[in-house]
Every structure is written in structure tokens, then in C-alpha cells.
Amino acid sequence: MNALNKKTVEDIDVSGKRVLVRCDFNVPLKDGEITNDKRIVAALPTIEYLIEQGAKVILCSHLGRPKGEYKSEFSLAPVAKRLSQYLNREVQLADDENVVGENAKAIAASLENSQVMLLQNVRFRKEETKNEESFSKELASLADIFVNDAFGTAHRAHCSTTGVAAYLPAVCGYLIQKEITFMGTALQNPKRPLVAILGGAKVSDKIGVITNLLDKCDTLIIGGGMAYTFMKSLGYNIGTSLLEEEQVEAAGQMMKDAKAKGVKFIIPVDNKIGREYDENTEAKIVDSDNIPDGWMGLDIGPKTQQLFADAIKGAATIIWNGPMGVSEWDNFAAGTIAVAKAVAETGAVSIVGGGDSVAAVTKLGFSDKMSHISTGGGASLEFLEGKELPGIAALADKD
Ligand code: AMP
């Protein structure tokens with residue numbers, strides 16, 4: 001699959017057509033109120049384009065995990081309300097317990113050009129997550145064209161992300177297009193040097209990404225809890241730091257592979273260590289080959305911040321996923337902040353993914369200094385692993 005070759009909403013005539021759009025409206029709710037609507041805002045460019053083109057717009061999404069049955073707390077009603085405000089027009093919710101029910105059919109049939117409706121939560125149907133043909137066909141029966149714009153669920157083969165594409169001409173929306181353009185170009189044809197920075201808790205979560213990036217990048221930087229498994233493979237004492245014993249051999253092998261491939265592989269040279277896994281624990285800075293027993297590495301140290309910043313400075317493309325330490329705690333956030341600053345200061349194409357790294361960038365006010373902030377956690381990791389995402393593979397290729 002060449003993700004860069006997918007047809008987009010601009011490659012198909014949508015005017016006067018019924019267009020089913022899979023969005024990611026999986027927003028956080030508290031007492032029925034939306035607490036963060038950035039996913040709704042991210043979906044607007046595609047919806048607005050369809051309205052301008054005079055399409056009849058049928059939106060759909062999942063919200064939370066209702067596990068295949070109607071549950072009012074997972075209703076998309078708050079999303080319909082918020083969308084109506086942003087779009088300055090009524091977005092009618094087809095409130096069918098079975099999603100494609102009498103309301104959905106009637107409203108879809110009566111839509112006029114540039115009108116917008118929203119189906120109920122697709123996960124009210126148990127067939128959705130099993131990608132069963134029956135529900136895919138029901139969804140397809142409402143529309144003439146399918147647009148997938150939900151990158152966050154593109155790695156899942158569900159009825160509304162993949163199944164429905166078998167029955168309708170299927171293209172991507174602007175959000176998916178942006179994700180695949182940035183990440184696809186970084187992987188296939190990056191401006192070099194390409195520097196990848198990986199952090200977070202577990203080697204096992206990112207092993208596929210590291211393996212794929214070893215064939216593509218010029219420099220690979222490892223920070224965060226996962227770095228200690230690499231240090232262990234070098235024979236260092238790592239005290240009580242995070243360790244995945246079963247990954248030590250693989251970690252050592254990856255460093256050897258990097259050397260053989262001519263990839264610069266950088267791990268922390270010093271660390272901020274703590275007595276316990278506690279925000280206010282006693283802390284000190286030590287070199288990586290000098291972590292005492294009974295202490296754990298909770299952030300990279302100042303020498304490492306400088307080392308990483310120097311490597312980042314020379315990059316033309318940067319892929320960053322995962323924090324350099326326990327960045328949720330102010331006492332152990334300095335490494336992640338230093339990397340965010342270094343990335344923000346380069347003129348490189350910068351792609352940031354992963355909840356904690358994105359949170360650090362947002363908190364520091366650097367969001368608009370990054371070329372692209374990925375909207376999909378699991379989906380962006382699978383993309384970086386070089387896997388084919390079913391929700392993208394199902395879309396039509398450009399002629
Ligand atoms: P991930 O979801 O894999 O990106 O990992 C993010 C988590 O890794 C965050 O909750 C961090 O607190 C945690 N983390 C990062 N560095 C360390 C560390 N040195 N020790 C323990 N946890 C860490």
C-alpha cells in the first residue's frame with residue numbers, strides 16, 4: 001500500500017451526492033458536557049468543504065465503549081449540538097438505537113444539498129467492531145460516497161472505517177490526508193537527516209517502530225523508561241529503573257543493527273534518578289553507568305538534554321513519540337521540555353505523536369511550531385511501524 005497515493009475528497013465529485021463521513025468524535029465527556037472538543041474542530045475542514053460543494057453530509061463516529069448496545073451516556077447528542085454551533089447550521093442527530101434506523105433513513109432521504117446530519121454512535125451496534133457485512137451494508141445504503149477522516153481509528157478494521165468502503169467509492173478527508181502526507185513522506189522520502197526520538201515507558205510497545213525506523217532514519221534517540229532496558233543490555237547497573245528483562249537481548253541487537261546500518265543510536269548518558277516512584281522523592285543526577293542500587297531513573301539528565309538537543313539541531317526531519325521521563329510530574333519533566341524546545345527551535349519538518357509528548361508541546365505553547373501533531377495514538381504508532389492501516393488501505397488509489 002502506498003498511503004501517499006490515496007484519493008482525497010477533492011478527487012471526487014461530491015456535489016449533490018449523499019456523502020457518509022467517518023469522523024473521530026470520540027471526545028471526553030463529563031456529566032454530559034464535552035470537556036475538550038479538539039477532535040470536533042479537527043474534523044471541520046472536511047465537513048466545511050463538503051458543505052461548500054453542496055454535498056448532503058451524513059456524519060458518523062464512535063464515542064467511548066458502549067459495547068454493542070444503546071447507552072444514553074454514549075449518545076452523540078452533545079457532539080451534534082457543538083457541531084451545529086461551529087457550522088452555524090443545524091446538525092440533526094438521527095437518534096436511532098440501531099444507528100441506521102427509521103430516523104436515519106428518513107433524515108438521510110430528505111437531506112438537501114449542504115445540509116448535515118449525524119448518525120448515532122456506531123458502536124451501539126455489536127457488528128461494528130467485528131466488521132460484519134450486514135452493518136457495513138446498512139451504512140452504505142444511506143450514501144453515494146464514503147469519506148474516511150477518522151485517523152485515530154484507521155488501524156481498526158470496523159464496519160464504519162473499512163467495511164463500508166467495499167460498497168461505495170471511498171476517499172480520505174483532509175485530516176487523514178494530512179496525517180499520511182506528513183508521516184508517509186517522513187518514512188518514504190524524508191528530507192535528511194531524519195532524526196527519530198522515541199520515549200515512553202515500554203520497549204515492547206515501540207519495538208516495531210524502532211525496527212522500521214532503523215531502516216529509514218539517520219539518527220535514533222531513545223529516552224524515557226524504555227532507555228533503561230537498552231542500558232541494561234550494555235551491562236550497566238540500572239537500580240530499580242523500569243526494565244523489560246525479556247527485551248534486553250532485542251535491545252542489544254537493535255543497537256548492533258544500528259551500527260551495521262550506519263544509524264547513529266543515542267541513549268541517555270546521565271539521568272535524574274529518584275529513591276522511589278513518587279513525584280516528591282529525593283532526587284539526584286548521575287551518569288548512566290553509575291546508577292546506584294535502590295534508585296530509579298525518572299528523567300534524562302542535563303548532559304543528555306544537551307546531547308539530544310545537539311542531534312536535533314542538525315535534523316531536517318524529526319519524528320518524536322513519547323516522553324523522556326515521567327513528564328506528568330514537574331520534578332521529572334525537564335528532559336521532555338528540553339526536547340520539545342529543541343524540536344520547536346529547528347526549522348526541520350517536525351512530526352509529534354503520543355499523548356505525553358503532545359501534552360508537553362501543547363503546555364509549552366509550541367503546538368504551532370510543530371509541522372504536524374498526529375491525532376492518532378495507536379494509529380500513528382502502527383503507521384510508523386510500516387503497517388498497513390485497514391481504514392486507509394480500503395480507500396481508492398489515485399488514477
Ligand atoms: P508511552 O505511553 O509508552 O508513551 O509512555 C508514557 C509513560 O511513560 C508516561 O506515563 C511516563 O510517566 C512514563 N515514563 C517515562 N519515562 C519513565 C521512567 N523513566 N520511569 C517510569 N515511567 C516513565
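Counting starts at 1 for both ligands and their atoms, in listed order.
- At the top of the distance list for atom 4 (O) of ligand 1, counting protein heavy atoms only, stands Lys206 NZ, 3.3 Å.
- Ranking the protein heavy atoms by distance from atom 21 (C) of ligand 1 puts Leu242 CD1, 3.6 Å first.
- Between Tyr49 and Tyr174, the ring centre distance stays below 6.0 Å.
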What's the verdict on salt bridge (charged side-chain N to carboxylate O under 4.0 Å, His left out) for Lys341 and Glu345, showing C-alpha distance, side-chain angles and the deciding distance? CA-CA 6 Å; Lys341 282 196 175 132; Glu345 279 165 12; over 6 Å; no

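- The two residues His155 and Ala379 come nearest to each other via the heavy atoms ND1-CB, 3.6 Å.
- An N or O contact shorter than 3.5 Å is missing between Gly224 and ligand 1 by distance.
- The nearest protein atom to atom 14 (N) of ligand 1, hydrogens excluded, is given as Gly325 O, 3.9 Å; this is a heavy-atom distance.
- Ring pair His372/Phe182 is parallel by interplanar angle, where below 30° counts as parallel and above 60° as perpendicular.
- For the pair Lys259 and Phe265, the cation-pi criterion (under 6.0 Å, within 45° of the ring axis) is not fulfilled.
- Checked against the 6.0 Å centroid threshold, Trp320 and Phe308 do not count as a close aromatic pair.
- Distances from ligand 1 to the non-hydrogen atoms of Met226 include no value under 4.0 Å.
- In this comparison of Ala359, Gly297, Ser204, the heavy atom closest to atom 20 (N) of ligand 1 sits on Gly297.
- Residue contacts with ligand 1, taken as heavy atom pairs separated by less than 4.0 Å, involve Tyr228 solely via side-chain atoms from C-beta onward.
- Looking only at heavy atoms of the protein, atom 6 (C) of ligand 1 is closest to Asp356 OD2, 3.3 Å.
- Interface atoms of ligand 1 facing Pro323, defined by a heavy-atom separation under 4.0 Å, are 4 (O), 6 (C).
- No part of Met296 comes within 4.0 Å of ligand 1, judged by heavy-atom distances.
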Go through it in stages, so that I can follow the logic: the residues are Asp149 and Arg22, the test is salt bridge (charged side-chain N to carboxylate O under 4.0 Å, His left out), and I'd like the CA-CA distance, side-chain angles, deciding distance and then a yes or no. CA-CA 6 Å; Asp149 211 20; Arg22 175 52 155 106; over 6 Å; no

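- Partner of Lys303 under the salt bridge (charged side-chain N to carboxylate O under 4.0 Å, His left out) criterion, chosen from Asp270, Asp310, Asp287: Asp287.
- When hydrogens are left out, the protein atom nearest atom 17 (C) of ligand 1 is Gly225 N, 3.3 Å; that is the closest non-hydrogen contact.
- Considering only heavy atoms from C-beta on, Asn148 stays 4.5 Å or farther from Val164 through its side chain.
- Of the protein's non-hydrogen atoms, the one nearest atom 8 (O) of ligand 1 is Ala201 N, 3.2 Å.
- When the options Ile273, Val203, Val326 are ranked by their closest heavy atom to atom 23 (C) of ligand 1, first place goes to Val326.
- Only the side chain of Glu328 comes within 4.0 Å of ligand 1, judged by heavy-atom distances.
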